[in-house]
Structures are given as C-alpha cells and as structure tokens.
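Lettering of chains follows the sequences in order, A, B, ..., and the numbering in each one begins at 1.
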Protein chains: 2
Amino acid sequence: MPLTRRSMGLTTGSSATPGARARALSEAPAVEGREIPPATIARLPIYHRVLGTMDAQGVHTVCSDDLARACGVSAAMLRKDLSYLGSYGTRGVGYHVASLAFHISRELGTSVPYGVVLVGFGNLGRALASYRAFALRGFTLVGIFDSDPRTVGEPVLIGDEPLRVLPVDHLGEVVQFTGARIGVIATPADAAQAVCDTLVAAGIRSILNFAPAVLAVAADVELRKVDLAVELQILAFHEQRRVEEATHLVAHARPGMQVVHA
Amino acid sequence: MPLTRRSMGLTTGSSATPGARARALSEAPAVEGREIPPATIARLPIYHRVLGTMDAQGVHTVCSDDLARACGVSAAMLRKDLSYLGSYGTRGVGYHVASLAFHISRELGTSVPYGVVLVGFGNLGRALASYRAFALRGFTLVGIFDSDPRTVGEPVLIGDEPLRVLPVDHLGEVVQFTGARIGVIATPADAAQAVCDTLVAAGIRSILNFAPAVLAVAADVELRKVDLAVELQILAFHEQRRVEEATHLVAHARPGMQVVHA
DNA sequence: TAGATTGTTAATCGATTAACAATC
DNA sequence: TAGATTGTTAATCGATTAACAATC
C-alpha cells in the first residue's frame with residue numbers, strides 16, 4: 001500500500017472527528033443570507049492569486065482600481081464580488097492585501113487541505129501529477145489510478161511522498177482510507193463515464209474532468225470540465241471570423257474605395 | 001529547420017492566395033445579421049463531438065430532446081443555439097446527424113486546418129503535444145518552443161511529422177513561414193506575459209493560456225485560459241459548503257429533531 | 001389527417017456596469 | 001475639512017427557459 005502517514009492526515013472522519021473539523025470551519029463565514037453567485041466564486045481564486053503575488057512583493061494596501069486591473073476585471077465587478085464576502089475594505093483607503101487574501105482563502109475553503117485522487121496516468125495524468133500549483137494551493141494527491149497493467153505498480157514521487165499507481169478497483173478503499181474529497185479524471189473519453197461512476201460510488205462529490213466526454217452525474221455532484229479541444233475550436237471560430245471579415249472587405253470594396261473597419 | 005512540406009501547406013499567405021482561401025470559406029455561412037452569442041459558440045464544439053459519435057454509431061437522425069440529453073443541455077437551449085446557424089432541422093422529424101455535424105463544423109471553422117505553435121515544453125507542454133484530440137479536430141502542431149537550452153533541439157514526433165524544439169526567438173520566423181494562427185502558452189507563470197507579447201508580435205491573434213497568470217492583451221486578440229488550480233479551488237469551495245451545511249444541521253438540530261435538507 | 005418536433009417569441013433569470021451616497 | 005474610495009442600488013445587458021405557432 002502506498003498510503004502514508006501524511007496522506008492519512010487528510011482524513012475527515014476518524015482521527016479528527018467531523019464535529020471538530022466542522023466547528024473550526026464554521027467560525028469563518030460570510031455575510032448572512034447572501035448566496036455567492038457562481039460567476040463570483042469562479043473569480044475568487046484569481047483575486048486570491050494576484051493578492052498573493054502583491055503580498056510577496058511587499059504591497060500592503062491596494063485599491064479596487066489597481067487590483068481589478070491586475071486581475072483583468074472591472075473595478076465595479078471586483079467590488080461587487082468582494083461585497084459578497086463582507087466589508088473588508090476601508091473607504092478612502094482600499095483593501096489590506098494580506099487580510100483580504102486570508103478572507104478569500106477562507107471563503108474558498110483553501111485554508112483546509114483537500115485530498116485528491118487522480119484517475120488516468122497517461123501523458124496528461126503525468127503532467128497533472130507533477131503540476132506544482134496543485135500542492136501550492138492546498139491540494140494533496142493521495143492516490144493515482146490506472147487500468148493499464150503496465151502502468152499499475154509504477155512508483156511516483158509526489159513532493160516528497162512516494163505513491164504507487166494502483167488499479168482502479170482499489171479506488172473506493174483509498175478514498176475511504178485517505179478521506180480524499182476531489183477526483184480528477186484524465187482517462188480517454190470512452191473510459192470517463194465508468195470512472196466517474198466509480199468515483200461517485202466511492203463517495204467523491206467534486207470531480208474535475210479532463211476527458212473529452214459529456215458525463216452524467218447526480219445533481220449533488222459538482223462536476224467541472226476542462227476540454228482542450230473545445231478551447232481550440234472556440235479560437236478557430238474567431239480565426240474564421242477574421243478571415244470572413246477580411247473577405248467582406250475585399251468583396252465589397254471596389255478599387256479606390258475607402259475601407260472602414262466596423 | 002524542422003519545417004516540413006506538410007506544415008508549410010498550412011500557409012495562409014503565399015502559395016494559396018488569401019483571396020482564394022477567403023472565397024472558399026465565404027461560400028459557407030450562417031443566417032444574415034444574426035451574431036452568434038459567445039455562450040452558443042462555446043457549446044457548438046460539444047454538439048459537434050456528440051454528433052460525430054452518433055454518426056460513427058450509425059445514427060442518422062436525432063431529435064433535439066435526445067441530442068440535448070447526450071450533450072448535457074436543455075432541449076430549448078440546443079434548439080435556440082442551432083437556430084443561430086440556420087434552419088437545419090425538419091419539423092416532426094429532427095436533425096440529420098451527418099449534415100448537422102457538417103454545418104456546425106463549417107461554422108466553427110474546423111473544416112479548415114489551423115496551425116498551432118506551442119510555447120513551453122515542460123510536463124504540461126509535452127502532454128499537450130501528444131494530445132490526440134488536437135490533430136483529430138483539425139489542428140496541427142507546426143512549432144514547439146522552449147527557453148531551456150537543455151530542451152531546445154530535442155526531437156519530437158508529432159503524428160508522423162518530426163519536429164524539433166526551437167528557442168523562443170525563432171517564433172516569429174516560424175509563424176510567418178508556417179502561417180500558424182493559434183498560440184498555446186504552457187510556460188511557468190512568470191514567463192507567460194513575455195511569451196504572450198512575443199506571440200502577438202509574431203502576428204498570432206488567438207491564444208490559449210495554460211499558465212496560472214492573468215495576461216494583458218490588446219482588444220483584437222482572443223485570449224482564452226485554462227487554469228487547473230482555479231478549477232480545483234472552485235471544487236474546494238463546494239466541498240467546504242458541504243461541510244458547513246452538515247455543521248448547521250448538527251448545530252441547530254436537537255436530539256430527536258427531524259432534519260430536513262433545504 | 002394526426003402526431004411529432006422544430007424554430008421563434010416572450011418571460012425569466014442572472015451577471016455586469018454605472019452611478020453615487022456613505023464614510024474613511 | 002477635502003479628497004479618495006468603498007459598498008450598494010438601480011439600470012443594462014445577455015443567457016436561459018417556457019410555451020407555442022408553424023410545419024413536416
């Protein structure tokens with residue numbers, strides 16, 4: 001078994017009681033009654049990262065205008081987003097970088113480490129496993145799975161933790177043992193739905209899917225997807241529009257005619 | 001030079017004249033005056049992929065209900081999305097799978113192959129380079145760049161095309177020579193902005209960024225981003241909410257009290 | 001013709017922007 | 001106090017859903 005003391009420390013159940021962990025978390029949270037909109041939640045990690053960079057550069061205070069610019073959003077949107085968390089700014093002054101970063105981190109749940117299981121250890125899976133931002137943001141890879149017998153058993157060093165690729169049928173066991181909360185699917189498309197079902201059966205409710213497949217899950221499962229081919233195709237659409245625009249200019253413009261870009 | 005006859009075939013400028021290529025494309029397009037909303041464009045690649053799978057399975061006709069289910073969207077949304085492309089369905093019958101796939105592909109610009117340059121050949125860059133869905137969707141990797149002298153010069157087999165990792169300062173040259181239209185950034189965060197600027201200076205207007213950094217670009221550059229850490233943090237937020245909900249139930253529920261989930 | 005299903009319109013919902021009163 | 005900047009409200013914009021007339 002490649003499970004280690006550290007990965008076991010992520011357990012949510014046995015050693016730290018659920019009650020104790022829950023109490024520690026509940027001291028935190030946000031403004032009563034205000035549900036944070038999904039669009040805001042998706043931007044909080046960006047704000048957090050940029051604040052972290054500023055903090056590292058010794059910046060102590062930042063106004064919404066400057067922070068918004070650094071995050072690539074409008075100042076109005078930034079302030080509205082932050083207002084869902086509470087009133088952490090000072091009128092006439094701005095936001096305290098370090099403390100705002102802390103409040104966002106707490107809201108995101110990133111202040112508590114989460115265990116991640118990765119299914120699929122091909123090219124993409126290997127890249128993800130060695131991805132630094134993972135561990136930096138409070139995520140720990142506690143299990144790696146693959147169905148290929150040639151890959152199973154392979155030793156993998158995650159930080160200073162030695163893991164070993166396991167067959168997928170050990171997934172439930174490892175999730176229970178480590179208390180992992182997040183599953184990452186990096187298998188080929190045709191295996192993805194079965195893997196997804198296995199993750200859900202193992203108790204995982206938060207899944208990140210890299211396989212180019214539409215997955216069906218129950219409503220209580222949070223499924224996010226990253227689809228490289230889709231992103232490229234969206235870019236291709238815009239490239240084509242560029243060509244079309246150029247065409248229309250050429251087609252409609254007679255010699256000597258002034259061409260004005262719309 | 002690792003440039004090949006095939007990669008040169010992607011040229012938009014010299015051999016095929018811009019006019020000829022533009023005319024071929026302009027025979028296509030959609031409903032006059034109707035701009036396709038971004039949300040729709042982002043879904044078209046999914047529809048296209050699912051239709052491709054159905055076609056391969058010998059399905060000839062599909063109604064919006066079934067196609068929507070397979071794509072994980074509502075039937076109303078699917079029909080509205082498709083209506084931006086034109087009227088390709090038949091009332092009382094449904095859509096012809098193969099021809100709908102063709103119309104979507106044409107709209108997306110996927111029917112024409114696009115050259116892609118990849119900057120950053122670390123773990124993620126390598127995974128992307130060997131990613132099959134790339135080539136399958138009409139994208140061809142025509143240049144790979146890295147700043148690490150130990151990586152530069154390394155031979156890479158893309159399909160049956162032998163490429164070689166080049167230093168970043170060859171980028172402009174290769175983009176011009178191959179007619180590449182899309183740039184992919186897979187460098188560390190601190191190098192990303194400089195690489196992005198280099199791509200834009202080389203004439204690239206469609207960029208996919210995997211580096212965990214906010215990039216600034218001119219308004220005419222289409223910049224999309226894929227941020228793995230952000231995705232995980234969004235999942236972590238939902239995990240935390242689960243714990244909080246459980247806490248409130250425990251905190252507010254007295255022994256023997258019925259607990260009803262909201 | 002009768003049943004099925006599209007394409008479109010109108011209603012709803014959510015996200016973004018603009019503007020400014022509150023307040024440091 | 002005067003200037004700066006937040007937090008919030010109202011206006012706008014865009015996306016989704018529901019419903020149904022058109023029509024195969």
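Here the CD atom belonging to Glu222(A) is positioned 13.5 Å from the CD1 atom belonging to Ile204(A), to the nearest 0.5 angstrom. Note that OG1 of Thr187(B) is 10.0 Å distant from CG of Leu124(B), once rounded to the nearest 0.5 Å.
Nucleotides of DNA chain C nearest to Met77(A) and Gly92(A) differ in position, and the one nearer the 5' end is that of Met77(A). Mapping Tyr95(B) and Val93(A) onto DNA chain C by nearest heavy atom places Tyr95(B) at the nucleotide closer to the 5' end.
Computed from coordinates, the His96(B) NE2 to dT6(C) P distance equals 15 Å when rounded to whole Å. As a whole-Å value, the separation of Tyr88(B) OH from dT8(C) P is 12 Å. In this structure, Leu78(A) atom CG and dA18(C) atom P are separated by 15 Å, rounded to whole Å. Between the CG atom of Leu44(A) and the P atom of dA15(C) there is a distance of 13 Å, rounded to whole Å. Here dG7(C) presents its C1' atom at 15 Å from CG of Asp65(B), a figure rounded to the nearest Å. As a whole-Å value, the separation of Glu35(B) CD from dA15(D) P is 11 Å. Between the CG atom of Leu67(A) and the C1' atom of dT5(D) there is a distance of 13 Å, rounded to whole Å. Rounded to an integer number of Å, the gap from Asp81(A) CG to dA15(C) P is 10 Å.
For a distance-only test at 3.5 Å, the side chain of Arg91(A) qualifies as a donor-acceptor partner of the base of dT6(D).
Of the possible polar contacts, one joining the Arg205(A) side chain to the Val200(A) backbone as a donor-acceptor pair under 3.5 Å is found.
The Arg79(B) side chain lies nearest to dC20(D) when the options are dG7(D), dC20(D), dT17(C). For Lys80(A), the side-chain atoms get nearest to dA10(D) when compared with the rest of dC24(C), dA10(D), dA15(C). In this structure, of dA21(C), dA15(D), dT17(D), it is dT17(D) that holds the atom nearest to the side chain of Ser74(B). Looking at the side chain of Ala39(B), the nearest of the listed nucleotides dT8(D), dT17(D), dA15(D) is dA15(D). Taking the side chain of Pro37(B) as heavy atoms from C-beta on, and the options dT6(D), dC24(D), dA15(D), the nearest nucleotide is dA15(D).
Contact annotation: the side chain of Arg242(A) approaches that of Ser206(B) to within less than 4.5 Å [non-hydrogen atoms, C-beta and beyond]. Counting only heavy atoms from C-beta outward, the side chains of Leu141(A) and Phe139(A) never approach each other to under 4.5 Å.
In this structure, Thr90(B) does not reach the dT6(C) phosphate: none of its side-chain N or O atoms is under 4.0 Å from OP1 or OP2.
Shown here, dC20(C) forms a base pair with dG7(D); the pair counts as Watson-Crick or G-U wobble because both key distances fall under 3.5 Å.
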